[in-house]
Every structure is written in C-alpha cells, then in structure tokens.
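Structure first, then comments.
Each chain gets a letter, A, B and so on, in the order the sequences are listed, and its residues count up from 1.
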2 protein chains.
Amino acid sequence: MTKKYKSEAMAALHESMQGLHDIGIVPAKTMRRFDASCLAPIEDMAPEEIVKVRNEAGVSQAVFARYLHVSLGTVSKWERGEKHPSGPAITLLNIIKRKGLESIYA
Amino acid sequence: MTKKYKSEAMAALHESMQGLHDIGIVPAKTMRRFDASCLAPIEDMAPEEIVKVRNEAGVSQAVFARYLHVSLGTVSKWERGEKHPSGPAITLLNIIKRKGLESIYA
DNA sequence: TGAAATATAACACTAAGAACTATACTATAA
DNA sequence: TTATAGTATAGTTCTTAGTGTTATATTTCA
C-alpha cells in the first residue's frame, strides 16, 4: 500500500477503512471515536430543500440566518440557487433537517 | 416605533423582543419556535480553543476537517490563527464544544 | 530502517459571504 | 382606505474564507 491519495478526503477515508479493517484493533492515537457514518459524503442541499427545512422550522429568512450566523442575503441566495452553502453550512442544514432548529443552539 | 434598524441582526432581535414582549401572545406566522438564547452573539473561537476542542474530541486535523466538511488546510489555518472560521463554522465548533463531536452527525 | 500519520507552511485561485440598497407583495392596524 | 411592518427577491461591490496542491519536518510504529 504505497499508494498516494489524490485528496485528503480519500486519505481520511483510508484512515477510516484502516481502522475498520483492523478488526477490533483500534489504533491508539488515531482513529479514536472515529465513526464511519459521519464520513459518509454529505448530500448537497438543493435550494428547494433549504426552503423546506426553514419552513418546517417555521422561521423567516432573517431569523434562520441568525441561527446559522450568516447574513439574510446569504439565505436568500441559497434558496434561489444563486449561491451554494459552504461545507460547514451544509453540515448545519443537515443537522437542522434531521434534528430540528433547536438542536443547534440548545 | 418607526425606528429603522441598522442591521438585520437588530431587526431579528427586535422581532424576538416583540414576541417576548407581547405577553403570552405568540404571533402566528412569525416568532414561532423563536428562542432568544440562540440569538446571543456567538463567541469567536480563538485558535487555541479550536485546538482544545479538537483534542478533547481526540481526533486529528484531517478527521476533524472531515467532520466539519472543510479541508485539512483550513483547520490548520484556524489553529494557527491564519484564517478565522466563518459564521457557520463557528456555530459548528460551538456545538462540538458544548455537546461533543458526535452530536453533529448522529 | 522504512512506512505512514501528523502538522506546518506557502502558493495561486475560486467562490462564499458581507454589507448595502432598492423593489414589491402581503397582512394587519388605525 | 391608508399606513406600517414583515417578508422575500434582487443586484452590486468588495472582502476573505476556503480549496487544491505541494513541500517539508517530526513523530509514531511495524
């Protein structure tokens, strides 16, 4: 396995696989608390889905923006497809989608 | 109250106060599920604190980056103070700080 | 000894996001 | 009816977070 990885994503995934491959043997320093389910590729949030998530939370764009710590304009652009949420933003949106708006601040 | 608000943050806060002010009366469309504690200004994550949060999670920069859906380089820059986390990123970091790394994917 | 994980570092480039302003629709209250 | 305020879209300019890549050094471990 002298293979080089093209991206750090692959490197991290390899790191995961390595740990899962070594049956029961969890490498000391690395790998601890490592969960493969987290590393599942995140689904990109479609504009309509963002609107849906926000509506289900029952808040306006302005309030939603405050929760996520982005500007109102940014939320508007997400929902119109003008801009795409960044990685951390998508992560937050998914958390809200799965666990509700309350889960990101309580 | 014909006052204009200088920022959307203030506007959102006003929206909150309005709802809390009207004793027991929760405005129909707006205000629902609104929580003032969420709108508390988020504390900016210091570089050392990011390192601390990550170390308490017990993961490497690469794994931490995968969880947050940012690049490894970005985490490195955060921890060295070269770049500051974006709003959503700070939000995630605070969630991890308070509720653990598991809380952002489970 | 060597392989791999870890972390720092510097580069050029892209695009997310901020801040601001204007417009328009809608619902409620006077 | 007329205001007023909340809501959302939209456009513009600008800043900077973040990406992707590569290189280097140290450490860990087989």
Output, in order, the C-alpha distance, side-chain angles, deciding distance and verdict of side chain to side chain contact (heavy atoms under 4.5 Å, CB included) for V70(A) and F64(A). CA-CA 9 Å; V70(A) 293; F64(A) 198 62; over 6 Å; no
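Between the P atom of dG17(C) and the CD1 atom of I90(B) lies a distance of 13 Å, rounded to the nearest Å. Note: CZ (R66(B)) to P (dA5(C)) measures 15 Å, nearest angstrom. If you measure from atom CD1 of I50(B) to atom P of dT8(C), you get 12 Å, rounded to the nearest angstrom. Rounded to a whole Å, the CD atom of Q61(A) is 11 Å from the C1' atom of dA10(D). Residue R54(B) contributes atom CZ, which lies 12 Å from atom C1' of dT8(C) at whole-angstrom precision. Computed from coordinates, the L72(A) CG to dA10(D) C1' distance equals 12 Å when rounded to whole Å.
The shortest distance between side-chain heavy atoms of R98(A) and I95(A) falls below 4.5 Å.
Contact annotation: R80(B) side-chain N/O to dA9(C) OP1/OP2 distance is under 4.0 Å.
Legend: salt bridge (Lys or Arg N to Asp or Glu O under 4.0 Å) pairs involving residues 83-97 of chain B, not counting sequence neighbours, sorted by first then second residue: E49(B)-K97(B).
Residues satisfying the side chain to side chain donor-acceptor pair (under 3.5 Å) test with S86(A), not counting sequence neighbours, are none. Every residue two or more places apart in sequence or in another chain that forms a side chain to side chain donor-acceptor pair (under 3.5 Å) with Q61(A) is listed here: E79(A). K77(B) is linked by a side chain to side chain donor-acceptor pair (under 3.5 Å) to nothing, counting only residues two or more places apart in sequence or in another chain.
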What N/O pairs connect the protein and nucleotides 14-18 of chain D at under 3.5 Å? Give each pair on its own line.
| unit_1 | atom_1 | unit_2 | atom_2 | d |
| --- | --- | --- | --- | --- |
| dA17(D) | O5' | H84(B) | O | 3.2 |
| dA17(D) | N7 | K83(B) | NZ | 3.4 |
| dG18(D) | OP1 | S86(B) | N | 3.3 |
| dG18(D) | OP1 | S86(B) | OG | 2.9 |
| dG18(D) | OP2 | W78(B) | NE1 | 2.7 |
| dG18(D) | N7 | K83(B) | NZ | 2.8 |

